[in-house]
Amino acid sequence: MAGPLRLPGNPDVRVRLRALSLVAPLVIFVGVTFVAPLGTMLMRSVYDPVVADALPKTLALLSDWDANELPSEAIFATLAEEIKHASSERTIGRVAGRINRVQGGFRGLVTRTERELRTTGQGTWREIMISVDSLWADAATWHAIKVTGERYTARHYWNALDMQILSDGSIARQPEERRIYLRLFLRTLMVSGLITLLCLLLGYPVAHFIADSPPRQGNLLLILVLIPFWTSLLVRTTSWIVLLQNQGVLNDLFVALGLIGEDGRLSMIYNMTGTIIAMTHVLLPFMVLPLYSVMRGIPATHMNAAASLGATPLQAFLRVYWPQSLPGVGAGALLVFILAIGYYITPALVGGSDGQLISNMIAYHMQTSLNWGLAAALGGVLLVGVLILYMVYERLIGIDRIGLR
């Protein structure tokens with residue numbers, strides 16, 4: 001009978017190879033499901049070759065173009081030929097869509113020009129194209145072509161920060177009506193911070209009560225905390241619509257108790273109020289569980305010792321119990337904040353236009369406008385913001401103080 005399979009060579013090498021073989025599936029899984037999608041997203045935010053592949057000759061000529069003057073006849077002629085070629089290759093729609101994100105109305109401009117170029121009349125290409133649409137006589141149109149023709153560009157990140165690249169290459173703020181992303185980022189951070197605070201205020205006494213209860217009662221209470229995880233997120237979110245709407249359960253109860261009149265029903269849904277209430281409910285267990293895990297390891301004798309030394313209950317809590325529970329507070333706060341900052345379904349269902357967060361705008365660009373470069377840039381900015389907050393937390397408090405017992 002053959003003996004067990006043995007790896008030849010140095011024993012230390014065999015041990016390392018065996019350990020590597022055990023860790024390899026996890027490394028591959030993390031690489032495929034996290035690192036690769038993240039790298040693809042970051043690449044899309046800076047790499048966009050569509051216009052560069054379709055209009056290479058035009059872009060080469062525009063590299064030496066003086067943005068203050070109308071392009072030469074050679075540039076008009078080259079662009080006309082490449083538009084006709086892109087039309088035959090069926091890529092003209094993608095090209096027009098890319099440039100349209102910088103210069104509004106460019107899609108229609110290209111469509112009209114491509115149709116007219118099939119039956120070219122007399123005159124120079126410059127005259128023909130300007131006769132089709134006067135936008136060809138506008139330097140901003142050519143600047144849009146030149147800007148979107150860059151394969152590697154930071155344009156999407158500037159847009160994500162409500163900035164734009166001008167024709168002279170300088171950076172300026174977007175017009176007032178187009179400054180939406182910084183406002184959404186700020187709203188997302190404020191809402192996530194508020195939800196984290198609410199979860200802490202609600203979850204801390206709940207976790208303390210569970211940890212201080214007898215084992216049998218504590219296990220039952222812990223199951224009640226875990227029950228939301230067994231219920232669909234969609235069901236939990238839509239249930240708040242039933243509770244919070246104008247003709248919902250809560251408003252009917254307030255009217256029945258005489259707290260408000262029939263004509264004074266509260267608007268608690270499809271606004272920021274609905275978003276905060278629903279997200280706090282959904283994320284509360286993520287605060288309770290880390291707190292309970294830490295509180296369970298705090299001996300009750302510590303509070304008794306503080307009381308025996310003359311401390312009031314408030315003093316004993318602030319100077320004995322609270323410092324020992326800080327690892328759970330830190331773990332729960334980080335978990336809730338990071339989850340809240342990227343929440344999408346709950347604000348989409350109960351937030352309305354006033355309760356939308358930056359994640360909803362990312363989803364819009366991914367699914368509706370198909371501007372994946374801008375969506376990736378928004379996600380990249382959000383990722384950098386989270387990393388900065390993490391480093392600030394590490395500097396002020398220290399990540400080593402987070403621990404689950």
Side-chain angles (χ1 to χ4, degrees), residues 33-51 94 97-104 106 144 147-166 171-196 272 275-276 279 283 334-392:
T33 61
F34 178 73
V35 177
L38 182 61
T40 302
M41 179 195 74
L42 295 177
M43 177 59 70
R44 282 187 177 275
S45 66
V46 297
Y47 181 64
D48 191 353
V50 173
V51 178
R94 297 177 61 197
R98 290 294 195 280
I99 304 176
N100 194 75
R101 295 167 184 170
V102 176
Q103 178 77 7
F106 194 87
V147 168
T148 54
E150 299 174 352
R151 292 181 182 273
Y152 295 92
T153 176
R155 183 180 74 256
H156 298 304
Y157 282 99
W158 288 121
N159 289 337
L161 297 175
D162 289 337
M163 308 290 281
Q164 61 178 333
I165 303 176
L166 301 179
I171 306 298
R173 298 187 67 184
Q174 293 277 10
E176 181 66 31
E177 65 275 7
R178 299 187 63 180
R179 299 175 193 171
I180 57 176
Y181 300 121
L182 286 180
R183 190 181 301 118
L184 280 177
F185 276 119
L186 181 60
R187 178 192 295 177
T188 300
L189 292 176
M190 293 179 60
V191 169
S192 299
L194 177 59
I195 290 172
T196 301
M272 186 56 70
T275 297
I276 293 174
M279 288 182 63
L283 295 175
L334 274 183
L335 187 59
V336 171
F337 184 84
I338 291 175
L339 288 174
I341 224 171
Y343 244 56
Y344 160 64
I345 294 179
T346 302
L349 290 177
V350 302
S353 59
D354 295 333
Q356 300 298 294
L357 305 179
I358 193 63
S359 56
N360 301 104
M361 186 58 65
I362 294 174
Y364 167 78
H365 286 304
M366 289 293 293
Q367 300 170 359
T368 305
S369 71
L370 301 181
N371 192 348
W372 292 359
L374 180 55
L378 291 171
V381 173
L382 191 61
L383 175 62
V384 171
V386 172
L387 292 177
I388 291 175
L389 290 174
Y390 178 85
M391 289 188 292
V392 171

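Keep in mind it's a predicted model, so treat the numbers as computed, not measured. When reading the values below, keep in mind they use all heavy atoms of this one structure, side chains included, and skip hydrogens, waters and symmetry mates.
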Are the side chains of Arg101 and Leu374 in contact, using a 4.5 Å heavy-atom criterion?
no
Atom CZ of Arg187: over 12 foreign heavy atoms under 6.0 Å
yes
By salt bridge (Lys or Arg N to Asp or Glu O under 4.0 Å) - contacts of Arg151 (at least two apart)
Asp53
So for atom CD1, which belongs to Ile345, do other residues, nucleotides or ligands contribute more than 12 heavy atoms lying within a distance under 6.0 Å?
no
If we only count heavy atoms from C-beta on, is the Leu339 to Phe337 side-chain gap below 4.5 Å?
no
Working to the nearest 0.5 Å, report the span between CG of Leu184 and CG of Leu189.
11.0 Å
Can you name the nearest heavy-atom pair linking Ala340 to Leu357, along with the distance?
O-CD1, 4.3 Å
Does a side-chain heavy-atom distance below 4.5 Å link Thr148 with Arg155?
yes
Between Asn371 and His156, is any pair of side-chain heavy atoms under 4.5 Å apart?
yes
Rounded to the nearest 0.5 Å, what separation is found between the CZ atom of Arg173 and the CG atom of Asp162?
7.5 Å
In this structure, CH2 of Trp372 is separated from OG1 of Thr40 (nearest 0.5 Å) by 11.0 Å
Whether Gln164 side chain and Trp158 backbone form a donor-acceptor pair below 3.5 Å
no
As an exercise, state the distance from CG of Leu378 to CE of Met366, rounded to the nearest 0.5 Å.
11.0 Å
Separation between OG (Ser359) and CG (Leu382), nearest 0.5 Å, reads 8.0 Å
Would you compute the distance between atom OG1 of Thr346 and atom CG of Leu283 and round it to the nearest 0.5 angstrom?
7.5 Å
For Gly149, does its backbone N or O pair with a side-chain atom of Arg98 as donor and acceptor, under 3.5 Å?
no
Find out whether Asn159 and Gln174 are in side-chain contact, i.e. whether some heavy atom of one side chain is under 4.5 Å from a heavy atom of the other.
yes
Kindly write out the residues that satisfy salt bridge (Lys or Arg N to Asp or Glu O under 4.0 Å) with Glu176, not counting sequence neighbours, or none if the list is empty.
Arg179
When every non-hydrogen atom of Val102 is compared with those of Ala144, the smallest separation belongs to CG1-CB, 3.9 Å
From CA spacing to verdict: side chain to side chain contact (heavy atoms under 4.5 Å, CB included), Val147, Thr153
CA-CA 8 Å; Val147 168; Thr153 176; 5.5 Å; no
With heavy-atom distances below 4.5 Å as the criterion, would you say the side chains of Met272 and Leu194 are in contact?
no
Between Ala375 and His365 the two heavy atoms that sit nearest each other are CB-CB, 3.8 Å
Less than 4.5 Å apart, any side-chain heavy atom of Ile171 and any of Ile165?
yes
Would you please say whether a donor-acceptor pair under 3.5 Å links the side chains of Ser45 and Tyr157?
yes
Between Val384 and Ile388, is the side chain to side chain contact (heavy atoms under 4.5 Å, CB included) condition met? List the steps.
CA-CA 6 Å; Val384 171; Ile388 291 175; 3.9 Å; yes
Side chains of Val381 and Ile358: closer than 4.5 Å at any heavy-atom pair?
no
